[in-house]
Number of protein chains: 2
Amino acid sequence: MSEQQATMRSVAVAAGVSMSTVSNVLSGRHEQMAVETRERVLAAVASLDYQPNHAARSLVTKRTATIGLIMSEVTNSLYPPVTVGAEAACRRSGYGLLLANADDADSERRGVDLMRAKRVDALVVFAVSLLDADNQHLYAAQAAGMPVVAINRHLPVDAPLSAVWFDHTSGGRIATQHLVDLGHRRIGHIAGPANRMTGVHRRQGYEAALTAAGIPRHPTLVAVGDYSFASGERLMLQLWRERPTAVFVAGDAMALGALRALSRLGVRVPDDLSLVAFGNPDLVRYATPAITTVDLPVAMAGRVAVELALRRMQRPEEKEVRLLDTSLLIRETTAPPRRGKGIGRG
Amino acid sequence: MSEQQATMRSVAVAAGVSMSTVSNVLSGRHEQMAVETRERVLAAVASLDYQPNHAARSLVTKRTATIGLIMSEVTNSLYPPVTVGAEAACRRSGYGLLLANADDADSERRGVDLMRAKRVDALVVFAVSLLDADNQHLYAAQAAGMPVVAINRHLPVDAPLSAVWFDHTSGGRIATQHLVDLGHRRIGHIAGPANRMTGVHRRQGYEAALTAAGIPRHPTLVAVGDYSFASGERLMLQLWRERPTAVFVAGDAMALGALRALSRLGVRVPDDLSLVAFGNPDLVRYATPAITTVDLPVAMAGRVAVELALRRMQRPEEKEVRLLDTSLLIRETTAPPRRGKGIGRG
DNA sequence: ATACGCTACTAAAGCGTTTTAGAAAGCATG
DNA sequence: CATGCTTTCTAAAACGCTTTAGTAGCGTAT
């Protein structure tokens, strides 16, 4: 019940050795050590149910065995898998995961402050890839000796941070290529916002695929959204007037919105229109019909980010940037175009 | 850049006072203190950009200003809002949030060990409400002086833990009542698993509402699922053979599955069948049609849980249990029953 | 015999706070 | 003039660990 927590001193006394010896046994440093002594110490540790005091240890080692995670946009569908992946990697390495959420640039900055105050060993920041994001506070943290790794953040090439980035361009190409392969030529695009690198890149992928297939780009077939359900719905309504036979929607929530619009319009998917989404498949796979998606390996991103952070702690000079591949998950919303005219009331 | 982190000693020197004075100023304890001295100290703090070392502080106060959060079932739709709510409450109180995920009873136990090793001040555990859950490790933590509050966990009344619980029974009643009010009499139920208190309670609510409305219970109108999309789909297919005019589905993922089944069957919602879901509305509101839901105030649960934890730290003897109300969000899947026969191929 | 090296351990300083006990200075009281 | 009371500040111990420098004991080379 309320027995005093065992301390290293009490373990030392119980084992009849000095504290230094206990410390050496537990850290496994000095290997010149009598087997009998080691065993006596371990027995004492076990019998007293000793657990080292992290605070005391941190005080001298100047490390906390904790990694900070700052998550932007908690409503983002990528939030859970990133967090889960990061936590798993932390746990595997014996690190704790300190979580902070951020709604905007300012709360992100406060989150970084918090992490610096708490002296986490490294920081992982998941971002919304804004083109004009301010990174100074991250650079400052990195310069102060706290490795920072950015996930999905738009960074200049010479930024001092390790980073994980998704191959949005290739993802956009794959999505569009899939539609081309099915025989579509009149392929629309509901794009991400122009101030987000993800939006820009996915669109570039879309355009590249069209060009590669010798399909002329048609500006009226592209509508720019903001990744929200509402924008997906609105823009699909608008885009349908152009009678595409397929649409590549650059976000998962927008794809759900598009589906709603199509349902209102009486357009059948995939019979009258094919649809490919982009993002976290968990969100769209349970729609009806199940939406074909380009999958962002988000849990992996969380995992890789903390691995990069851990590595940077060892070799602070070696910045690493990791590009993660996307993959196409074909489900029920894509099919060859129907011959003949489009239908619907639009 | 790499200037040494300021310590309390350097602040003291800069301000020309003792460390004790600096400490007193910062903690705001002693109020008998010359204004001029206080200002000198604060100026020194600011100019040196001093940040207290948490580890050193923890070592003497024996508190870490950190709360642990253990989340069961990361794929649960409640994961993000609970986490967000908890984090917000922590931040507001100047606490950090240490996150650990758990897939099963064993990893939950390891999570608790981790939290005890890290000496968090309190522990919040989000659970899956299993009827036969083992709580001994939680009781042990509480007994060891670390307040534990359980969210959505099935606990005996005399459990020593503070707890947050949703009113699943009332939620089930509200959902069913809504259907009754619309004029439905033949109301089916896709229930949660029998080994989860949530499932049992929601079903009891359903049955209570029927009884109150004088509608006889019909066993074939109830199917027991496991909260998965797949079970929702399968059971809806099965339940349709009984030709209900409305169904109360006890989970959000199951409701999505049910919608898929109905689409396959060619049953129109809500024209041919009304549907009410239960859980996190964020999951089902973007379905087409948008599903009427009984909303679990999950973010609030996370927030309240850490508030209870904080309070329990002050008054360890006062265990508190908080029951959170649910509310009905009416959307597009519920309507009065059609007169005449049911339709569909089923 | 002395110096040396090796093995297996230990003493003690130090990490950066909080907190307890108390000191110095000024002033009123008997 | 001694005493006591305030007010404002300080000295120093303590928290529980890691780590550096070093020692005791003993065998071996010179």
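Proteins come first, then strands; the chains are lettered A, B, ... in the order of their sequence lines, and each starts at number 1.
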- Against the side chain of A:Ala34, the closest entry in D:dT8, C:dA8, C:dT10 is C:dA8
- Message: It should be established whether A:Ser23 places a side-chain nitrogen or oxygen under 4.0 Å from OP1 or OP2 of nucleotide D:dC17.
- Response: no
- Go through the structure and list residues passing side chain to side chain donor-acceptor pair (under 3.5 Å) with B:Ser23, not counting sequence neighbours. none
- Query: Looking at A:Glu318 and A:Arg312, does any basic side-chain N land under 4.0 Å from a carboxylate oxygen?
  - Reply: no
- Query: Who pairs with B:Ala117 by side-chain contact (heavy atoms from CB on, under 4.5 Å), at least two apart in sequence or on another chain?
  - Reply: A:Gln51, A:His54
- Query: From B:Thr66 OG1 over to B:Lys118 NZ, what is the distance, rounded to the nearest 0.5 angstrom?
  - Reply: 9.0 Å
- Task: Starting from C1' on C:dT18, measure out to CZ on B:Arg63 and report it in whole angstrom.
- Result: 12 Å
- Note on the structure: Listed range with range, the stems formed with DNA chain D by at least 3 consecutive Watson-Crick or G-U pairs (under 3.5 Å) are C:1-30 with D:1-30
- By side-chain contact (heavy atoms from CB on, under 4.5 Å), A:Ser47 pairs with (sequence neighbours left out) none
- Query: Tell me the salt bridge (charged side-chain N to carboxylate O under 4.0 Å, His left out) pairs involving residues 301-310 of chain B, sequence neighbours left out?
  - Reply: B:Arg303-B:Glu307
- Please give, in whole Å, the distance from C:dT18 P to B:Asn24 CG? 9 Å
- Please list, chain by chain and in numerical order, all residues satisfying side chain to side chain donor-acceptor pair (under 3.5 Å) with A:Glu87, sequence neighbours excluded. A:Arg91
- Sugar-phosphate, base or nothing in reach of A:Thr37, heavy atoms under 4.0 Å: sugar-phosphate
Under-3.5 Å N/O pairs linking protein and nucleotides 12-16 of chain D:
residue	atom	partner	partner atom	Å
D:dA12	N6	B:Ser20	OG	3.4
D:dC15	O3'	B:Lys62	NZ	3.1
D:dG16	OP1	B:Lys62	NZ	3.3
D:dG16	N2	A:Ala56	O	3.4

- Contacts of B:Ala127 that satisfy side-chain contact (heavy atoms from CB on, under 4.5 Å) - sequence neighbours left out: B:Arg153
- Message: Please give me every residue in residues 114-123 of chain A whose heavy atoms get under 4.0 Å of an atom in DNA chain D, ordered by residue number.
- Response: none
- Item | side chain to side chain donor-acceptor pair (under 3.5 Å) partners for B:Arg40, two or more places apart | B:Glu36
- Can you tell me how far P of D:dT8 sits from CZ of B:Arg40, to the nearest Å? 14 Å
- Message: B:Gln136: which residues meet the side-chain contact (heavy atoms from CB on, under 4.5 Å) condition with it, sequence neighbours left out?
- Response: B:Asp134, B:Tyr139
- Message: Just N and O in the side chain of A:Thr21: are any of them under 4.0 Å from OP1 or OP2 of C:dT10?
- Response: yes
- Kindly write out the residues that satisfy side chain to side chain donor-acceptor pair (under 3.5 Å) with B:Asp132, not counting sequence neighbours, or none if the list is empty. none
